Amino acid sequence: MTNFLSLSDVVNLDALIQSGIDAKANPFADQHLGKNKTIGLIFFNSSLRTRISTQKAAQNLGLNVITMNVGQDSWGLEMEDGVIMNSDKAEHVREAAAVIGRYCNIIGIRAFAELKDRAKDYQEQVMHQFAKYAGVPIVNLESATRHPLQSLADCITIEEVKRQTPTLPAKPKVVLTWLPHFKPLPQAVANSFCEWMNARAKSGDIEFVVTHPEGYELAPEFVGNARVIYNQDEAFEGADFIYGKNWSSYTHYGQVLTQDPSWAVTMNDIHLTNNGKFMHCLPVRRNLKVADEVLDSPHSLVIEQAANREWSAQAVLKEILKSN
Ligand code: AN0
Ligand code: CP
């Protein structure tokens with residue numbers, strides 16, 4: 001593996017999931033791989049889980065870790081080529097990426113969608129500019145359109161529950177549901193979850209359904225062959241896993257079209273499922289998107305899911321270190 005920008009960088013998904021599960025059982029088995037090497041974690045946006053879990057995974061592999069918040073710790077970075085740099089951005093990504101690439105053997109980058117210009121966000125300029133000019137492997141810590149380390153942790157979490165729960169059907173039903181929120185959020189987590197769950201559905205591991213209000217259709221390249229049901233109750237029937245996430249509209253780009261509270265997940269929703277588990281990438285706003293009674297019940301997997309971010313990062317960094 002050179003870069004980890006999306007699912008397309010993964011050669012064998014089953015093996016990568018298993019590598020994460022193995023890392024959890026034996027975190028320090030590969031400490032030699034990162035010895036005397038350095039990873040730089042570059043954040044254009046806030047983070048709790050991604051920052052700490054990736055740092056921890058890197059340290060488990062023997063890597064040195066440097067973390068930087070762009071614009072706060074460093075200069076603001078210009079991404080556009082050929083512009084006169086007379087804005088508030090004092091440094092160009094061409095120099096910044098090249099320089100960080102001289103200090104670091106791997107670079108992780110978090111850069112959310114701006115949610116203003118759809119074509120621009122979906123071009124993934126920040127990831128591509130860093131990949132072009134850094135000269136070292138790039139890891140996506142959530143980009144404008146994807147959050148693959150989250151999706152890998154989600155796959156690990158579902159796989160673990162499958163192995164621990166013999167009563168689950170051979171192909172558990174996984175439902176991605178939109179949740180209400182007053183602020184426009186990126187589509188990245190939902191896009192990636194669709195991408196990775198469609199792959200799991202294709203290999204016969206799960207059945208995958210997406211539910212959201214009209215107007216919240218995700219980009220067709222991410223929805224793929226998933227079944228889309230606009231009625232949330234109908235979608236939840238017999239579900240084994242409910243994955244909640246808010247995203248802003250893709251078609252009316254970046255807009256909040258509804259805040260309908262009936263889309264929040266409560267125990268009434270869980271009762272429609274097959275004793276289903278609730279998943280969310282976090283951070284989650286309690287009682288706006290999901291009720292306390294769900295998050296505080298044995299149905300919730302959110303803490304285990306966040307814990308698995310360490311093992312998803314470790315599986316990916318191990319692959320990169322082995323092949324570079
Ligand atoms: C971000 C998002 O929706 O993309 C990060 C989630 C991991 N969430 C918020 O901004 C609240
Ligand atoms: N799930 C996730 O990526 O969380 P952070 O934004 O806190 O990193």
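As the structure is a computational prediction, the values presented were derived from the model and not from experiment. Remember, it's 1-based here, ligands and their atoms both numbered in the order they're listed.
A distance of 6.5 Å separates OG1 of T251 from CG of L257, quoted to the nearest 0.5 Å. If you take OG on S19 and CG on L13, they are separated by 11.5 Å, rounding to the nearest 0.5 Å. A distance of 11.5 Å separates CD1 in I303 from OG1 in T157, rounded to the nearest 0.5 Å. Separation of atoms OG1 (T67) and CD (Q55) is listed at 4.5 Å; rounding is to 0.5 Å.
Under 4.0 angstrom from ligand 2, the non-hydrogen atoms of L282 all belong to its backbone. Only the side chain of F112 comes within 4.0 Å of ligand 1, judged by heavy-atom distances. With a heavy-atom cut-off of 4.0 Å, E142 does not touch ligand 2 at all.
Polar contact with ligand 1: absent for R110 (N/O pair, distance under 3.5 Å). Checked against a 3.5 angstrom limit, the closest N/O atoms of L48 and ligand 2 fall inside it. In terms of polar-atom proximity, defined here as any N/O pair under 3.5 Å, R110 does make such a contact with ligand 2. The N/O atoms of E142, backbone and side chain alike, include one that comes under 3.5 Å of an N/O atom in ligand 1.
Distances from ligand 1 to the non-hydrogen atoms of P186 include at least one value under 4.0 Å. Within the structure, ligand 1 has K245 among the residues with a heavy atom less than 4.0 angstrom away. The shell of residues lying under 4.0 angstrom from ligand 1, judged by heavy atoms, includes L282.
Taking every heavy atom of R309 and a limit of under 4.0 angstrom, the matching atoms of ligand 2 come to 1 (N), 2 (C), 3 (O). Those atoms of ligand 2 with a heavy atom of H147 less than 4.0 angstrom away are 2 (C), 3 (O).
Among all protein heavy atoms, the one lying closest to atom 4 (O) of ligand 2 is R49 NE, 2.8 Å. In terms of protein heavy-atom proximity, atom 10 (O) of ligand 1 is closest to L185 CD2, 3.6 Å.
In this comparison of V284, N45, T50, the heavy atom closest to atom 8 (O) of ligand 2 sits on T50. Remark: among candidates C281, A153, A306, the nearest residue to atom 1 (N) of ligand 2 is C281, based on non-hydrogen atoms.
Among R200, H147, Q305, R309, the one residue that satisfies the side chain to side chain donor-acceptor pair (under 3.5 Å) test with D154 is Q305. The only option from W196, W247, F222 that meets the side chain to side chain contact (heavy atoms under 4.5 Å, CB included) definition with N191 turns out to be F222.
For D30 and K35, the salt-bridge test fails: no basic side-chain N is under 4.0 Å from an acidic carboxylate O.
E319 has its side chain out of reach of V11: every pair of non-hydrogen atoms, C-beta onward, lies at least 4.5 Å apart. The shortest distance between side-chain heavy atoms of L63 and L321 falls below 4.5 Å.
Remark: aromatic rings of Y243 and H280 are distant, center separation not under 6.0 Å.
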